[in-house]
Every structure is written in C-alpha cells, then in structure tokens.
Chemist: 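The following block contains the structure, expressed as structure tokens.
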Amino acid sequence: LYQEYKMFLSYDDKLQTSILASVRSALNIFADDTVARITTKDTIAFADLRERPTVLYLQSNISDFAYYSTLYAAFYDQLTSYLLSRMPED
C-alpha cells in the first residue's frame, strides 16, 4: 500500500486532482447522514439465510436507485462472497 501511495505522489498534479475527484465522488454517499445511520450496524446475519427459506427485499425509490447503487453493490458483493466461501455441509 505504501508503494502505491508513493506511486500516486509521483503523478503530476493534474492526474492527482483527477484521481482524488473520482474518489471523492465515489465516496460521497457515505457523507450522507441517512446512509451513515443505516450503515453503522449490521442487522442481517448471512448465516441465518441458510437456516430457513428466506425472501430478502431491498427497496428504494426508483429515482434513488442510482444514488444508492454503491450500497446495493456492496451488499450483494458481501452476500455473494459469504455464500460462496462457506458451502453448506449436507
């Protein structure tokens, strides 16, 4: 990680500014008070999804979907990683 940081510092100012703007844009959702509040705790136990048939609904207004897409992607990534890394013992 340190080497990557050193490499970043070697970029010209214009490229550094562009990279930082992209990062800020991607992380901007986490500055939202509502997002901060709903992501401060974990209320879904992935292991419980294997215990009984479960339907899981993720809901937001269609007009807000693009805004929350980062959260949806993170959730699905974590869920898929969990399910694929811990195969049931039957």
Chemist: Under a single-linkage definition using a 4.5 Å side-chain heavy-atom cutoff for Ile, Leu, Val, Met, Phe, Trp and Tyr, are Y5 and Y11 assigned to the same hydrophobic cluster?
Modeler: yes

Chemist: Is the count of non-hydrogen atoms from other residues, nucleotides or ligands lying under 6.0 Å from D12 atom CG greater than 12?
Modeler: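 Correct, the count exceeds 12.
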
Chemist: For the side chain of T54 and the backbone of R52, is there at least one donor-acceptor N/O pair under 3.5 Å apart?
Modeler: yes

Chemist: Could you check Y82 against R50 for side-chain contact (heavy atoms from CB on, under 4.5 Å), going step by step and ending with a plain yes or no?
Modeler: CA-CA 11 Å; Y82 175 83; R50 291 189 186 271; 4.1 Å; yes

Chemist: Calculate, to the nearest 0.5 Å, the distance between atoms OG and OH belonging to S81 and Y76 respectively.
Modeler: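 If I round to the nearest 0.5 Å, the distance is 14.5 Å.
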
Chemist: Kindly indicate whether the side chain of T39, heavy atoms from C-beta on, has any atom under 4.5 Å from the side chain of L71.
Modeler: yes

Chemist: Distance only, no hydrogens: is a donor on one side chain within 3.5 Å (strictly under) of an acceptor on the other, for S60 and Y67?
Modeler: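 Distance-only check fails for S60 and Y67.
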
Chemist: Checking S69 side chain against A66 main chain: does a donor-acceptor pair fall under 3.5 Å?
Modeler: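 Judged by distance alone, yes, a pair lies under 3.5 Å.
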
Chemist: Would you check if T70 and F75 make a side-chain contact, meaning some heavy-atom pair closer than 4.5 Å?
Modeler: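 Side chain of T70 against side chain of F75, heavy atoms only: no contact under 4.5 Å found.
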
Chemist: Any non-hydrogen side-chain atom of Q16 less than 4.5 Å from a side-chain atom of I19?
Modeler: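 When only atoms from C-beta onward are counted, I19 and Q16 do not touch, as no gap falls below 4.5 Å.
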
Chemist: Any link between L83 and L56 through a network of hydrophobic side chains (Ile, Leu, Val, Met, Phe, Trp, Tyr) touching at under 4.5 Å?
Modeler: yes

Chemist: Treating Ile, Leu, Val, Met, Phe, Trp and Tyr as nodes and any side-chain heavy-atom pair under 4.5 angstrom as an edge, say whether L84 and I44 lie in one connected cluster.
Modeler: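 Each belongs to a different hydrophobic cluster.
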
Chemist: Is L15 close to F8 at the side-chain level, that is, under 4.5 Å between some pair of heavy atoms?
Modeler: no

